[in-house]
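Report on the structure given below.
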Amino acid sequence: MTQKRIRVRFAPSPTGPLHMGGVRTALYNYLFAKKHGGDFILRIEDTDQGRFVPGAEDYIIEALKWCGIEPNEGLGFGDGPYAPYRQSERKPMFRQYAEQLVSSGHAYYAFDTPEEMDALRKQAESNKQTFSYDARTRMQLQNSLALSEAEVKQRMDNGMAYVIRLKVPQGESIIINDLIRGEVVFQSDIVDDKVLLKSDGMPTYHLAHIVDDYLMKITHAVRGEEWLPSAPAHVLIYRYLGWESDMPQLAHLPLLLKPDGNGKLSKRDGDRLGFPVFPLDWNDPFTGEKSSGYRERGYYPEAFVNMLAFLGWNPGTEQEIFSLEELCAHFSFEHIHKAGAKFDPEKAKWFNEHYLRTTESSELGAHIKSDVQQTFNIAEDNRRLSADYLTKAAELLKPRVQFEHEMKTTGAYLFQAPDTYDETVVAKKWKPELRPFFEGLQAALAALPAFETAHIDETIKSTAASFNLKPGEIMQLLRVIVSGQGGGVDLLGMIELLGQTEISERMTRALSRIGQ
RNA sequence: GGCCCGUUCGUCUAGGGGUUAGGACAGCAGAUUUUCAUUCUGUAAACAGGGGUUCGAUUCCCCUACGGGCUACCA
């Protein structure tokens, strides 16, 4: 017997931007598929016409691409043999399965209107109870089980709206074998008669995902924990459709929780706590509200993915830095933690910092070029935009930033002469007697035949010695004179990088302003 | 309320009947760095509580507490 080819899917509904929790679900699906040489499919579950949000679908596709977790089949990634991958386009097909369940006595037509259902729920609520459409109540309601055949026919003939509901049996134990949680047992009595086909002819998630998973030969359904309570209904549907032996293995992932307090991570938390909850920026087409994404905040996709992978999973070793390929190789459901994970923005930054440090300075230099050019309005042929200059600047700045875009602010003085000089340092260290020294140093530096750190260092020391000054008295001032700031990148490296001419100009300018 | 899932340092987690309960982030301290950052070293910090089972439980079982999810013609 040959093993079935592993096929998994990520099946979001296009009701808004993809949340980082959703990206993690996609990631785990992807990792599992790749690990076993299987397929990863993107299917859009747009069965709720009322919640459709323009742009959400493109957002999902773009987000997966940015993360590098590309489906090898599905919407936006090339059709496989099971197209279409948008459920609304598969609409006509679902009805037959719902009807099949009616014929076999496992589902029925129900004519109760949404308003009537609402009223029943409210009424139950006022009695501190919960209304449930199930074996205990269905015979008192308006459906093909309670009504006579003639009544049902008449209503159908009159074009009365109806839904198809699953007829859930009483007194059965339904066992879920979850890959992460093990065996979970539910009593069928607490499962309600879920709507399978809505009055607009669209299937609900419950029917649609099962039919599609079956037709698309999905072997594992990896999804959020919020689906665990409806899993018994899903098992019943598979059983009644005669597909139980082909039912995908279930794996319910733990949820992502708010960094502070309680509850699951939501869109609001990002705004409130100042970190993104979305992979990419998103502008809500209805409210105009903007939400920021990891990409635009300057995160590397590799860092984002690495961080996400560790929110609920671990390799069982102490290694924390994993490329996507390594994650694929090491991933397994056994190492998925069962409890929800509070998201820690600090750790996310740490991952990014790590990836930045391991990126070649030449690459970093190339990355920041246009940003630097625009920020400081530098002419294209200026040496500060040369690969060599940018590489050295990145090298100096690398250990002091977490994001590439911070380089232009943290190291602004490498690209632009200062306008102001740190007053605290000047007040503390400057003495009029130092002026001749700095003028002497300026001349000595200008006269250096080779402007390199070793010579610069030597020149500073010897000039200081000749003025009877100790390094502690002049070094920080020199830094302020050159960069305007009391702290920053390696002083000698900075001086060498800025170059002989620039240094001389900056010293002239600073000495004309300081201590006047 | 009902049903289900869960609970190890502040956070992410490893571990698992006998361990000095390990790592990472964040914190603190020290060293290096003329500064800041880096780097290095060190340090503090956890098995929710109560009952069992057992020679022994943080680990297995039960209860409680707490957290979370679900309870729609949403997914």
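The sequence lines fix the lettering, A, B, ..., with proteins before strands; numbering per chain opens at 1. Every heavy atom of this structure was used, including side-chain atoms; hydrogens, water molecules and symmetry mates were not.
Of the C1' atoms belonging to B/C61 and B/C25, the separation is 36 Å, rounded to the nearest Å. Here the separation of B/A48 from B/G10, taken at their P atoms, is 12 Å to the nearest Å. Remark: the separation of the C1' atoms in B/U7 and B/U64 is 13 Å, to the nearest Å. Separation of the C1' atoms belonging to B/A65 and B/G49 is 7 Å when rounded to the nearest angstrom. To the nearest whole angstrom, the two C1' atoms, one in B/G18 and one in B/U58, are 12 Å apart. Straight-line distance between the P atoms of B/A37 and B/U32: roughly 15 Å, to the nearest whole Å. Between B/A46 and B/G27, the two C1' atoms lie 16 Å apart (nearest whole Å). Using atom C1' as the reference point in both B/G1 and B/A57, the two lie 35 Å apart (nearest Å).
Between the C1' atom of B/U35 and the CD1 atom of A/Ile495 lies a distance of 13 Å, rounded to the nearest Å. Atom CD of A/Glu334 is separated from atom P of B/G15 by 11 Å (rounded to the nearest Å). For A/Lys429 and B/U34, the NZ to P distance is 13 Å, given to the nearest whole Å. Between A/Met307 atom CE and B/U11 atom C1' the separation is 13 Å, expressed in whole Å. Following rounding to the nearest Å, A/Glu320 (CD) and B/C12 (C1') show an atom-to-atom distance of 8 Å. Rounding to whole angstrom units, CE of residue A/Met20 and P of B/C12 are separated by 13 Å. Regarding A/His252, its NE2 atom lies at a distance of 12 Å from the P atom of B/C70, rounded to whole Å. Atom C1' of nucleotide B/C25 and atom NZ of A/Lys342 are separated by 15 Å, given to the nearest angstrom.
Within 4.0 Å of A/Val489, counting heavy atoms only, lies at least one base atom of the nucleic acid. Here A/Gly312 lies in heavy-atom contact (under 4.0 Å) with sugar-phosphate atoms only.
At a threshold of 4.0 Å, the pair A/Arg86-A/Glu57 counts as salt-bridged, since one of the basic side-chain nitrogens sits closer than that to a carboxylate oxygen. A salt bridge does not link A/Lys91 to A/Glu89: none of the charged side-chain nitrogens sits closer than 4.0 Å to a carboxylate oxygen. A salt bridge is defined here as a Lys NZ or Arg NE, NH1 or NH2 lying under 4.0 Å from an Asp or Glu carboxylate O, and A/Arg181 with A/Glu225 meets this definition. The pair A/Glu320-A/Lys347 meets the salt-bridge criterion, since a charged nitrogen lies less than 4.0 angstrom from a carboxylate oxygen. With respect to the salt-bridge test (charged N to carboxylate O, under 4.0 angstrom), the residues A/Arg357 and A/Glu353 qualify. A salt bridge links A/Asp134 with A/Arg136; the closest basic N to acidic carboxylate O contact falls under 4.0 Å.
For the pair A/Arg165 and A/Tyr133, the cation-pi criterion (under 6.0 Å, within 45° of the ring axis) is fulfilled.
A/Phe304 and A/Tyr294 have their aromatic ring centers within a separation under 6.0 angstrom.
In this model, no donor atom of one side chain and acceptor atom of the other lie less than 3.5 Å apart for A/Gln100 and A/Tyr240. Checking A/Asn177 against A/Gln249 by side-chain atom types alone, no donor-acceptor pair falls below 3.5 Å. There is a side-chain donor-acceptor pair under 3.5 Å between A/Gln142 and A/Arg155.
Pairing partner, B/C3: B/G69, with both Watson-Crick or wobble hydrogen-bond distances short of 3.5 Å. Base pairing of B/C28: its partner is B/G42, meeting the Watson-Crick or G-U wobble criterion (both donor-acceptor distances under 3.5 Å). Here B/A14 sits opposite no nucleotide as a Watson-Crick or G-U wobble pair (both hydrogen-bonding atom distances under 3.5 Å). Pairing for B/C47 is absent, judged as Watson-Crick or G-U wobble with the two contacts each under 3.5 Å.
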If you restrict it to nitrogen or oxygen atoms, what contacts under 3.5 Å exist between nucleotides 26-33 of chain B and the protein, and what is each distance?
none

What nitrogen or oxygen pairs link the protein and nucleotides 72-75 of chain B at under 3.5 Å?
{"residue": "B/A72", "atom": "OP2", "partner": "A/Arg121", "partner atom": "NE", "Å": "3.2"}
{"residue": "B/C73", "atom": "OP1", "partner": "A/Arg121", "partner atom": "NH2", "Å": "3.4"}
{"residue": "B/C73", "atom": "OP2", "partner": "A/Arg121", "partner atom": "NH2", "Å": "3.4"}
{"residue": "B/C73", "atom": "OP2", "partner": "A/Arg165", "partner atom": "NH2", "Å": "3.2"}
{"residue": "B/C73", "atom": "O2", "partner": "A/Ser199", "partner atom": "N", "Å": "2.7"}
{"residue": "B/C73", "atom": "O2", "partner": "A/Ser199", "partner atom": "OG", "Å": "2.8"}
{"residue": "B/C73", "atom": "N3", "partner": "A/Ser199", "partner atom": "OG", "Å": "3.1"}
{"residue": "B/C73", "atom": "N4", "partner": "A/Asp112", "partner atom": "O", "Å": "2.9"}
{"residue": "B/C74", "atom": "OP2", "partner": "A/Lys198", "partner atom": "NZ", "Å": "2.9"}
{"residue": "B/C74", "atom": "O2'", "partner": "A/Asp48", "partner atom": "OD2", "Å": "3.0"}
{"residue": "B/C74", "atom": "O2'", "partner": "A/Arg51", "partner atom": "NE", "Å": "3.2"}
{"residue": "B/C74", "atom": "O2'", "partner": "A/Arg51", "partner atom": "NH2", "Å": "2.9"}
{"residue": "B/C74", "atom": "O2", "partner": "A/Arg51", "partner atom": "NH1", "Å": "3.4"}
{"residue": "B/C74", "atom": "O2", "partner": "A/Arg51", "partner atom": "NH2", "Å": "3.2"}
{"residue": "B/A75", "atom": "OP1", "partner": "A/Thr47", "partner atom": "OG1", "Å": "2.8"}
{"residue": "B/A75", "atom": "OP1", "partner": "A/Lys198", "partner atom": "NZ", "Å": "2.7"}
{"residue": "B/A75", "atom": "OP2", "partner": "A/Tyr205", "partner atom": "N", "Å": "3.2"}
{"residue": "B/A75", "atom": "O3'", "partner": "A/Glu45", "partner atom": "OE1", "Å": "3.4"}
{"residue": "B/A75", "atom": "O2'", "partner": "A/Ser13", "partner atom": "OG", "Å": "3.2"}

Which pairs, protein N/O on one side and nucleotides 3-6 of chain B N/O on the other, fall under 3.5 Å?
{"residue": "B/C5", "atom": "O2'", "partner": "A/Arg181", "partner atom": "NH1", "Å": "2.4"}
{"residue": "B/C5", "atom": "O2'", "partner": "A/Glu225", "partner atom": "OE2", "Å": "2.8"}

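A/Phe351 and A/Phe310 have tilted rings, their planes meeting at an angle from 30° to 60° on a 0 to 90° scale.
Of all non-hydrogen atoms in A/Ala233 and A/Leu166, the two that sit nearest each other are O-CD2, 4.0 Å. Nearest approach of A/Asp269 to A/Phe275, heavy atoms of both residues: O-CE2, 4.0 Å.
Remark: A/Met475, A/Gln476, A/Arg479 in residues 468-483 of chain A come within less than 4.0 Å of RNA chain B through at least one heavy atom.
In this structure A/Lys461 satisfies the side chain to side chain donor-acceptor pair (under 3.5 Å) test together with A/Asp457, sequence neighbours excluded.
For the side-chain hydrogen bond (donor to acceptor under 3.5 Å, both in side chains) condition, the pairs that include at least one residue of residues 184-194 of chain A, sequence neighbours left out, are A/Tyr108-A/Asp193, A/Arg138-A/Asp193, A/Ser173-A/Gln187, A/Asp192-A/Lys194.
In this model, the phosphate group of B/A14 is approached by a side-chain N or O of A/Asn314 to a distance below 4.0 Å at OP1 or OP2.
Proximity note for A/Pro399 (side chain, C-beta onward) versus B/U38, B/U34, B/C12: the nearest is B/U38.
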